[in-house]
Amino acid sequence: MTVSKLARKTVRELTPYQSARRLGGSGDIWLNANESPFANEYNIKCDRLNRYSTCQPDELIQAYADYAGIKKEQVLTSRGADEGIELLIRAFCEPNQDSILYCPPTYGMYAISAETFDVSAKTVPLTADWQLDLATIRDNLNGVKLIFVCSPNNPTGNLLNRQDIEALLDMTADDALVVVDEAYIDFCPEASTVDLLDRYTNLVILRTLSKAFALAGLRCGFTLANPEVIELLLKVIAPYPVPVPVTDIAVQALSPAGLAKTKFQVLDLNANRAYLQAGLSMLEGVTVFDGYGNYLLVKFPDADALFAALWDHGIILRRSPIENCIRISIGNRDECEKTLAFIREQLTQN
Ligand SMILES: *Cc1c(COP(=O)(O)O)cnc(C)c1O
């Protein structure tokens, strides 16, 4: 007997998320997972490891609430923003009945998390300029409990219009939650919708320490919402979701010194992004889309060939499903220079 046949049909048929780690590769320059190039130092204490952690450590929740400018009753912490997506689906969507809605091209985990829980997904593609198609969303709201939108959007890099997000919140006020994924908002904090939390009870915001805070390996994310939503999510979260060392490190990252360091690193990465954008834009046949996170989406004449040449040369980028597009994470200046130089060489010799 093969144990696979014991698995749920959904799981047997599931294609898991193609994470950068799963896709492999070998080389010196890794610009494929929107990770930070900075590895910062932290103090680790071991004196509390014999005890279970508290479900929602107060010092962590308070530190993030202060950073976000909201009340701690509006904050939930979890194992990355990815767990926030999962908790929302588990708390709000009835399997085989309710739906989520999302707007491709965008982050892949909304669809995969929904599928895992037998929740169907409706898709309303972004418009040609990668904004929300509000009219089509309105026509597809039947049975939809959660609408996932992402700003800055991964992989396109653009921001969603704030008026559109507000219109979507109004449109769905009594029927669905609008989840704004702000995984990259720390690179452009002025674009956050966090100030709308007090006005819209159906707004949920996802945040993470994985990107600007350079802590992808820590697995620490936040869901910001009105206290009623937070209470519901707390019903379905695991009893000890946040490991003690995660809290210790995250609190250091959110301290005044930690926040100052992140701000400095964000400025550095935003400057590298401008450098890469300017350099790539000078190349014939190349289109660089304006990006607001720590990555750029770039269109090349032949993305497959270029991606393969870079891969063989040890420069690992991310092939986007968008035609002839490659997503390039912003690394340190040296990585950006080497990547730009290699691409320039490839495009001018062919
Ligand atoms: C990276 C990313 C996440 C996941 O963040 P984690 O906190 O590492 O789970 C969520 N949404 C988007 C758009 C991302 O790019």
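Both counts, for ligands and for their atoms, begin at 1 and track the order of listing. Start at 1 with the first residue, then count along the sequence.
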Residues in the immediate environment of ligand 1 (any heavy atom closer than 4.0 angstrom): G80, A81, D82, Y107, C150, N154, D181, A183, Y184, T208, S210, K211, R219
pair I137-C103: side-chain heavy atoms closer than 4.5 Å: yes
Side chains of D98 and F92 in contact at under 4.5 Å (non-hydrogen atoms): no
Aromatic contact, F148 with Y107 (centres under 6.0 Å): no
Side chain to side chain contact (heavy atoms under 4.5 Å, CB included) between D175 and L141, intermediate numbers included: CA-CA 9 Å; D175 310 307; L141 285 177; over 6 Å; no
For Y292, all residues meeting side chain to side chain donor-acceptor pair (under 3.5 Å), sequence neighbours excluded: none
Salt bridge present between D248 and R48 (N-O < 4.0 angstrom): yes
